[in-house]
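Everything below concerns the one structure shown next.
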Amino acid sequence: RRFRMRTTLKRGMGRAATVNGNGRAVLPPPVIEPIRRYKAPEPPPRSARSTAAKVFGWILLALVVIVSGLAGGLYLYGHETLNAIAPHSAAVKATEPDLALPTASEPATALIVGYDARAGSEGFGLADSRSDTIMLVRADPTTNTLSLLSFPRDLQVPIYCDPITALRTDRINSAWSTCRTSPPRGTLDTVQKLTGLSVNYLITINFHGFKLLVNRLHGVYIQVDHRYINTVGGPSGYAKINLEPGYQKLDGEQALDFVRFRHTDSDVYRLARQQLFLEALKDRLATSLSLTSLPGVIGALKSNVQIARGGSGGAPSLEEILAYAGLAYHLGGGRLFRVTIPNLVDCGYLNAQVCAQPSDIQTAVASFSHPDVTLPNRANAVAAGLKPKQPKQPKLKRAAITTLVLNGTTVPGLARDTSYKLALQGFHTVQLPPPTSADAPTKTYDTTYVYYDAVQPNAKQAARQVAVAFGPHAVSAPLPPEIAPFAQEAGNPLTVVIVGSTFDGQLIDPQATIVATPTHQAPSVRNDPGYALASIQGVRAKVGFPLLVPHTIESGSYFAQLDPVRAYKPAPGHGAVCLTFQTAAENVYWQIMETDWTDAPVIRHPTEHVKLGGRSFDLYTVGGNIHMVVLRQGDASYWVVNTLRDELSNETMLAIAKGLQPLGK
């Protein structure tokens with residue numbers, strides 16, 4: 001830097017001098033008055049405004065420097081994280097060819113597999129480990145939604161260790177131990193074959209990493225639905241657990257106990273606990289992750305988490321991670337959808353497998369892939385006795401969507417038949433001029449693609465609407481160069497469909513993805529003002545805020561046998577009272593929470609506000625089910641929390657909330 005300054009000064013002197021006829025520099029005339037003493041004029045008086053402006057300028061400059069440093073640190077930590085979570089085992093790397101390339105600004109699907117690395121195992125994916133959690137997560141930036149689809153580990157399915165051959169029918173979690181060369185690939189291919197979905201990311205995490213991650217975040221806040229206790233562990237007993245009811249912070253060990261528990265209910269409630277935990281983890285990351293905590297989080301990820309990405313392989317880029325994190329952070333109320341497979345039944349085998357009809361699996365997949373964002377508000381309106389707003393129709397009329405269908409398989413006539421079925425649904429199908437056949441450049445397409453001409457207006461929206469007709473396995477993407485000549489021959493339609501081998505020949509009506517508005521039903525409640533009165537009076541002195549008494553209770557419910565009323569501190573400086581009720585099913589619980597913690601993470605983003613009986617209530621709706629109703633009054637909030645699987649009807653939830661009345665003197 002000094003060298004540059006001297007050079008600059010030299011050049012400046014050279015430019016200031018003139019040149020005589022001999023080519024030599026002519027210096028300026030000598031100074032006549034070499035030294036002069038004088039008094040500088042007084043500076044003009046500074047106004048308070050100019051002084052404040054300069055102070056503000058220095059503060060702003062300091063903030064810019066600090067923020068720049070934080071951003072640089074976050075960037076470095078981000079790249080360190082990428083290296084930590086990149087696939088480093090042959091077992092995970094083997095899944096990369098079976099993952100689909102994620103497309104920018106399009107929905108992406110990840111398969112999360114939590115596995116139990118038993119004592120004595122080294123490395124990753126050995127046969128002495130087993131998959132304990134299998135869940136699909138779908139992030140859709142076009143609708144700002146997150147969808148979760150969980151699979152019971154005892155679900156009977158065809159097991160695949162590659163994308164082609166089914167080995168046998170067994171529990172879905174047995175794919176992990178069956179496919180010894182690559183347990184993750186076995187689970188990935190089994191799930192993709194079962195659902196017909198293309199997966200873009202595979203995320204594997206072991207139990208040690210699960211606990212470390214929660215601990216490095218200083219715990220996760222979860223609504224524990226009842227008292228969990230088992231002090232006898234070991235080979236002859238169940239896993240130990242000791243959790244009290246209510247909204248509280250769980251450390252890593254407690255959170256793992258919560259999501260793995262299934263000994264007094266069933267696997268479907270265990271799936272609900274896992275989905276609730278993932279939602280709680282999302283809230284925790286959004287509120288507590290900082291530059292100071294990031295190194296600890298990275299340390300928890302190392303050697304415990306691997307993320308494989310479709311396409312070029314390796315871990316997702318920093319830009320991808322930030323984009324998904326931003327979507328989760330800004331996720332509004334009613335934009336998270338928790339999906340499970342309905343109508344599970346006991347297969348009747350000695351090893352207690354559960355079975356599902358293919359139609360029920362596809363129903364769950366359709367709800368997962370095309371969440372109806374209008375459903376929560378329509379369900380809320382019906383429950384509150386209001387007129388629901390009708391869902392908006394698709395942006396484009398089907399007759400305005402021109403599409404060309406090409407055959408990407410060896411099935412003869414598939415393009416012709418599919419084009420005819422699309423025309424019956426009202427789409428404007430076009431054909432190639434003879435004698436050109438409607439065949440794609442290759443016959444090896446597995447997935448159905450709906451390509452759109454990005455140059456034309458509304459083409460991307462048109463592709464989305466056409467893709468819905470082909471079900472959740474269809475992918476929309478910009479028109480690639482090798483397909484563009486076909487589009488030109490057909491008159492440049494908005495979309496070009498290449499039918500893949502996974503298409504079963506049946507189109508889905510795009511309007512069928514809009515769930516029917518539920519009908520109003522009478523609440524299942526009883527009026528019982530005195531049932532909880534004495535219990536609440538007994539804990540009034542333990543909290544510093546007014547308590548409410550439930551006058552209305554679900555008709556078949558009664559206080560839980562263990563810890564029915566608990567007064568405690570959910571967070572420093574805050575008190576709470578939790579009332580836990582059992583339904584007639586005995587092992588199914590719902591709760592009433594009363595607390596002066598009015599900004600708890602779980603109540604940050606309500607789906608909707610409604611006014612009932614002169615009071616305002618916040619509704620937290622998942623799909624078409626109200627999971628929580630919150631009444632805010634003064635410096636306290638009062639929650640009615642549904643069961644893990646939202647078994648109380650929406651009308652019942654509102655009736656219980658309306659029945660909360662002040663505790664008299």
Side-chain angles (χ1 to χ4, degrees), residues 219-234 236-251 253-274 276-277 280 525-526 528 530-543 547-550 552-571 574-595 597 600 602 627-628 638-648 652-653 656 660:
V220 171
Y221 285 98
I222 294 178
Q223 183 77 33
V224 178
D225 61 308
H226 69 95
R227 181 76 161 100
Y228 291 82
I229 184 166
N230 177 47
T231 58
V232 180
S236 59
Y238 298 125
K240 290 183 179 182
I241 188 171
N242 187 6
L243 298 176
E244 294 182 289
Y247 187 70
Q248 61 197 281
K249 184 194 288 185
L250 302 184
D251 62 24
E253 186 70 38
Q254 292 171 324
L256 184 61
D257 291 341
F258 180 73
V259 300
R260 295 194 67 199
F261 182 87
R262 66 168 186 164
H263 300 311
T264 60
D265 41 41
S266 67
D267 208 26
V268 293
Y269 289 96
R270 181 171 168 272
L271 299 182
R273 281 186 283 270
Q274 292 174 356
L276 284 174
F277 168 80
V525 295
R526 72 176 189 269
D528 198 347
Y531 183 78
L533 178 60
S535 299
I536 292 181
Q537 287 174 332
V539 297
R540 174 167 55 181
K542 297 181 180 181
V543 295
L547 296 178
L548 300 185
V549 180
T552 304
I553 299 173
E554 196 271 331
S555 58
S557 295
Y558 50 91
F559 270 137
Q561 296 179 3
L562 299 177
D563 291 345
V565 180
R566 180 190 177 206
Y568 69 106
K569 291 188 178 297
H574 298 290
V577 171
C578 179
L579 309 179
T580 303
F581 297 86
Q582 287 180 259
T583 68
E586 295 188 353
N587 287 330
V588 179
Y589 304 86
W590 61 276
Q591 294 174 320
I592 294 175
M593 280 281 301
E594 307 190 12
T595 179
W597 192 11
V602 73
H627 182 68
M628 189 163 58
Y638 306 87
W639 318 351
V640 179
V641 185
N642 211 330
T643 67
L644 286 173
R645 302 187 68 235
D646 298 331
E647 281 112 328
L648 301 191
T652 299
M653 290 287 293
I656 296 172
L660 294 173

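Treat the numbers as computed from the prediction; the structure is a model and nothing was measured. Note: hydrogens, waters and symmetry copies are ignored here, and every other heavy atom, side chains too, is used.
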(request) Using atom types as modelled and distance alone, determine if a side-chain donor or acceptor of R262 lies under 3.5 Å from a backbone N or O of L271. (result) no

(message) Please check this pair: side chain of R526 against backbone of E554, looking for a donor-acceptor N/O pair closer than 3.5 Å.
(response) yes

(message) Donor-acceptor pair, distance only, cut-off 3.5 Å: does the side chain of Y531 make one with the backbone of F559?
(response) yes

(request) Please work out which of the three classes, parallel, tilted or perpendicular, describes the rings of H226 and F261, given edges at 30° and 60°. (result) perpendicular

(request) May I have the step-by-step check of side-chain contact (heavy atoms from CB on, under 4.5 Å) for E244 and R227, ending in yes or no? (result) CA-CA 5 Å; E244 294 182 289; R227 181 76 161 100; 4.0 Å; yes

(request) Could you grab the distance from atom CG of L579 to atom CG of L547, nearest 0.5 Å is fine? (result) 9.0 Å

(request) May I ask you to decide if the ring planes of Y247 and Y221 are parallel, tilted or perpendicular, using 30° and 60° as cut-offs? (result) parallel

(message) Please determine whether a side-chain nitrogen of the Lys or Arg among R645 and D265 lies less than 4.0 Å from a carboxylate oxygen of the Asp or Glu.
(response) no

(request) Search all heavy atoms of Q591 against all heavy atoms of V224 and return the closest pair with its distance. (result) NE2-O, 3.0 Å

(request) Find out whether V640 and L660 are in side-chain contact, i.e. whether some heavy atom of one side chain is under 4.5 Å from a heavy atom of the other. (result) yes

(message) For the CG atom of L644 and the CD atom of Q274, what is their distance to the nearest 0.5 Å?
(response) 11.5 Å

(message) Between F581 and Y589, is the ring centroid distance below 6.0 Å?
(response) no

(request) Using atom types as modelled and distance alone, determine if a side-chain donor or acceptor of D257 lies under 3.5 Å from a backbone N or O of I241. (result) no

(message) Using side-chain heavy atoms (C-beta onward) and a distance below 4.5 Å, is W590 in contact with T583?
(response) yes

(request) Rounded to the nearest 0.5 Å, what's the gap from CG on N587 to CG on D225? Could you check? (result) 10.5 Å

(request) Quick one: closest heavy-atom pair of C578 and G246, and the distance? (result) SG-CA, 3.7 Å

(message) Please enumerate all residues that pass side-chain hydrogen bond (donor to acceptor under 3.5 Å, both in side chains) together with R270, with sequence neighbours excluded.
(response) D132, D267

(request) Given side-chain contact (heavy atoms from CB on, under 4.5 Å), test F277 with I222 step by step and report yes or no. (result) CA-CA 7 Å; F277 168 80; I222 294 178; 3.6 Å; yes

(message) How long is the straight-line distance from CZ of R273 back to CZ of R260, given to the nearest 0.5 Å?
(response) 12.0 Å

(message) Would you say that more than 12 heavy atoms from the other residues, nucleotides or ligands in this model lie under 6.0 Å from the CD of Q561, or not?
(response) no

(request) For residues V539 and E594, determine if any side-chain heavy atom of one lies less than 4.5 Å from a side-chain heavy atom of the other. (result) no

(message) Tell me the closest heavy-atom pair linking P550 and I536, and the distance in Å.
(response) CD-CD1, 3.6 Å

(message) Before you tell me yes or no, could you show the steps for Y269 and V588 under side-chain contact (heavy atoms from CB on, under 4.5 Å), namely the whole-Å CA-CA distance, both residues' side-chain angles and the distance that decides it to 0.1 Å?
(response) CA-CA 9 Å; Y269 289 96; V588 179; 3.2 Å; yes

(request) Work out which heavy atom in A567 is nearest to a heavy atom in V577; give both atom names and the distance. (result) CB-CG2, 4.2 Å

(request) Working to the nearest 0.5 Å, report the span between OG1 of T231 and NZ of K240. (result) 7.0 Å

(request) Sort out for me which residue in Q223, Q254, R566 forms a side chain to side chain contact (heavy atoms under 4.5 Å, CB included) with Q248. (result) R566

(message) Looking at every heavy atom in both M628 and V602, which two are closest together, and how far apart are they?
(response) CE-O, 3.9 Å

(request) Could you pull out all residues at least two apart from S555 that satisfy side-chain hydrogen bond (donor to acceptor under 3.5 Å, both in side chains)? (result) S524

(message) I need the T580 OG1 to M593 CE distance, nearest 0.5 Å.
(response) 9.5 Å

